[in-house]
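Report on the structure given below.
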Amino acid sequence: MSERRKPYPFDQIEPKWQTDWDERSAFRAPNPGDPDFDPNRPKFYILDMFPYPSGAGLHVGHPEGYTATDIVARYKRMRGFTVLHPMGWDAFGLPAEQYAIKTGQHPAITTRENIAKFKTQLKRIGFSYDWSREISTAEPDYFRWTQWIFLQIYNSWFNPETNCAEPISTYTGDDPNSVRLAYVAEVPVNWCPELGTVLANEEVIDGKSEVGGFPVVRRPMRQWMLRITAYAQRLIGELDGLDWPEGIKLLQRNWIGQSEGAVVRFAVTPGDVVAGEGVAGRSVDERLLSAGDCVPSYNSVSAHSIEVFTTRPDTLYGATYMVLAPEHPLVDQLTSEAQREAVAAYREQIASKSDLERTDLAKEKTGVATGAFAVNPANGERVPIWIADYVLMGYGTGAIMAVPAHDERDLEFARKFGLPIREVVQPAEGEAIGFTGDGVAINSPLLNGLPTAEAKQKIISWLEENGRGTRNIRFKLRDWLFSRQRYWGEPFPIVWRDGKHEALGESELPITPPALEDFKPTGTGEPPLAKAWDWIRYSENATRETNTMPQWAGSCWYYLRFCDPRNAERFVGIEAERHWMGGSQPAAVDLYVGGTEHAVLHLLYARFWHKVLFDLGHLSKPEPFQRLVNQGMILGEDGRKMSKRWGNVVDPLDVIAEYGADSFRCYEMFMGPLEQMKPWSMKGVEGVSRFLARVWRLVMEENQAGDWVLSGAVQDVALEKRQRKLMHASIKKVTEDIEALAFNTAISQMMVYVNEFTNAPVKPVAALRMLLVLLNPFAPHLTSELWATLNGQFPDAARDITDCAWPMHDPAYLVEDEAEMVLQVNGKVRDKMTMPIDAPQAEVEVAALTNPKVQELIAGKTVRKVVVVQNKLVNVVAN
RNA sequence: GCCAGGGUGGCGAAAUUGGCAGACGCGCCAGACUUAGGAUCUGGUGGAGCAAUCCUUAGGGGUUCGAGUCCCCUCCCUGGUACCA
């Protein structure tokens, strides 16, 4: 390819300014206690979602959000804020480990190389990060505090009285291990044989692993869990004060899945209970292992009654049968001799099914009667008890009351098995059986005539008075499965002695992973760390925990560490935390930009950890992220998702080599709204590059020798009136647009500004300076260079453009003295006229009605009405 | 299925409280300067029509003097979710 002449010498000026910024640490954010710390400046914390440094390097999607935050950071600095704008690496992760399995190269080496590559790319784009705060989650200096936070969680419990986490020492019950926020449980987990590890629910998509798309099976295993369910209520409630997209809040609310209703107790008909092992026979340990909300509470398991959860207690009279999940612990005791064989067969059939098969909505309902019966607590009716796999063990109590008249699933089941259907809510007009909406209760002696909402309240009160049920709130959210069978992650600061776990002291941190030759999973579910015999053996009678933490652990608190990244005494210094995470808003980080893919994973986990640390008195605010913005995905030029497979991946460095970093940045922002998905276009980059070249040529011209010199057209003269007006309109627009993160329209405005001056024979230096300041956050290299050049001939108080204060527009320059008004007849534009600004309505009407064009159109008609919108439009209605 | 967000020129997109639809950019057309143009500058560019004029914001209906914007219905796209009782 032939070397094309550059429209302006970005290849020289960009590295020059990047070096300059580096050398004088231009973007360093001083901490409290630093000599240059200024307590009078307000703080502003602007955070990017830090990347996982993959081998592929950055693609053009990464820098989209990074450019947006960089513009805001540079803008806020010019507005006098001390800006914390850091970058780091989410460095633990599966790809480096899998690469190690293939090649034997230690993940630490792979990771280090990838980080170097990422950093080179980011620096070449000219981001104003404070690189002195760079962190990597895989460094012992970092993960020792990840482990320390785990210890805080482990050594805490959630006190329902205070609705807060408290040190475990305040717990007065018998067994602290039963209430810790980090606990061990034998739970059915998502086991991925291919990856050799378990996965969190959130990491499983359609029965396959999110990473790699490998099959995932359910299997009971002993795992570390974090009791995030304790915070379900607060995680929903405290979203309210946050400046997040409503869609993301909703996503989190739905994921947490709060349902209000009642637990209703159905007595099992006495004669129907088959004598068997009583539940009392279960050991205490077994009960404790039953993982919080993952299985029904112990109370629900009684030989004499079955508890169900329902959001529609008002339909209790319509409950004509019950269904238990096949795995429900009561099934054995309930099943009659006659049904024993059928039940066993059904349970076996279910157990062999994969999750995918079980949740296949299209499939027909299946189930089998247990032969037992229960009593409907409302009407004393004897109802059959069935088991069916459409009832899930993992939600509610694992048992339901079936109301086929008002639940589609129950209806389908009842029809298939010939179970009775009784309507208890008057259907809305035209609704047939199966009506699931709200209405008026019927066939329900206690509730007849009551609308659904009232009927719910009444029946719950009645159930509570009679000891047959209680008001209850349930959540879909499950506790967080926190252990992984991997090598490349944080080891737990835990040892096992006599079959019991105990925490290591803080003084023993960090716990570093052992050196290993072989990173392969063992295939048995034993983590790779189990191969490190020496490492495991902690003492005579204690061994180390061999699981590691999931990748989320490091990213749960990295934004905290950025506040004080080199602190060797604390995870973050008290003063630094108070400064950067304080302020008047409900949450700590002022602006957080990243992809939607983290809407429920990272953002929920981080909020959870943050709340625990807040409850324990380590943080100033209960929420981490005040304003959240999701950038949209950038597609390839072909409109498809960028991937190697389609060959449509764009490398930022290629774009920068041809058009420069400023063009790259500006194009990324000019493409369209930040939040929107949009395709890449090299022609678009070229267009933006032309715009920047025009800016360059406003200030510079080529002399005879072909060198760029300050243009003779640049003169220290006053702006013409219209130029001044445009300048102030541009200040206003660009300022408002940056605040709103509407960078595409900010750039449009600057294009208009530049177009105006491109034609001017004389370029007033004040107009050029203003343009450079407005454009600086977007194109920092170009504007820095031109600013310096202007200073050569027209010295300015600000030697460097980054020393400039952001301008304010003067509204006085924006007022018009004339208004061009649109003339409409019957709503259609027919003409225009110029009127003095704020002309009296009567005057405008007369002017409109005497307009020849209007007269022509209303000739022979009667004017019914004249609508005047001040300074804008007149609409004459005539017929 | 349910929830959320979208649908505006050939393309990316603009459009305060309802008030000139298509700013800005790409592409395209024409011109200027040029040995040259894939540089730069100037003008044009939603569609139909010689024109006056008519049509046009996925489609249909409604409210209004006036609707891209508000209301109802339908279709399509994108993301999330999936028997959650």
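- Among the protein residues, A/N826 comes within range of no part of the nucleic acid, since none of its heavy atoms lies under 4.0 Å from any strand.
- Here the two rings, on A/Y667 and A/Y659, have centers that are 6.0 Å apart or farther.
- Nucleic acid contact for A/R690: sugar-phosphate only, since backbone atoms but no base atoms lie under 4.0 Å from a heavy atom of the residue.
- Look at the C1' atom in both B/C50 and B/G5: the space between them is 46 Å, to the nearest Å.
- Tested against A/K733, the residues A/V752, A/T745, A/I738 include a single side-chain contact (heavy atoms from CB on, under 4.5 Å) partner, A/T745.
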Original post:
In B/S/- notation, 5' to 3', how is nucleotides 11-22 of chain B contacted by protein heavy atoms closer than 4.0 Å?
Top reply: -BSS--B-BB--
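- Atom CG of A/L692 is separated from atom P of B/G25 by 13 Å (rounded to the nearest Å).
- Residue contacts shown for A/K476 include a base, since a base heavy atom lies under 4.0 Å away.
- Within 4.0 Å of A/K853, counting heavy atoms only, lie sugar-phosphate atoms of the nucleic acid but no base atom.
- Going from the C1' atom of B/A48 to that of B/U42 covers 29 Å, rounded to whole Å.
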Subject >> Test side-chain hydrogen bond (donor to acceptor under 3.5 Å, both in side chains) applied to A/D410 and A/Y390, step by step >> reply: CA-CA 9 Å; A/D410 296 344; A/Y390 82 93; 2.7 Å; yes
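- Considering only heavy atoms from C-beta on, A/F10 stays 4.5 Å or farther from A/S689 through its side chain.
- As judged by a 4.0 angstrom heavy-atom cut-off over every strand, A/S681 is placed among residues making no nucleic acid contact.
- Note on A/K416 versus A/E412: no salt bridge recorded, every NZ/NE/NH1/NH2 to OD/OE distance being 4.0 Å or above.
- Among the protein residues, A/I400 comes within range of the nucleic acid bases, having at least one heavy atom under 4.0 Å from a base atom.
- The NZ-P distance, from A/K865 to B/C65, rounds to 5 Å in whole Å.
- In this structure, A/Y8 and A/R694 have side chains that are not in contact, with every pair of non-hydrogen atoms separated by 4.5 Å or more.
- Between A/E246 and A/K249 there is a salt bridge, with a side-chain nitrogen of the basic residue lying less than 4.0 Å from a carboxylate oxygen of the acidic one.
- Residue contacts shown for A/R253 are absent, as no nucleic acid heavy atom lies under 4.0 Å away.
- Among B/C24, B/A85, B/C41, the nucleotide with an atom closest to any side-chain atom of A/T758 is B/C41.
- Across all strands shown, A/G257 has no heavy atoms under 4.0 Å from either base or sugar-phosphate atoms.
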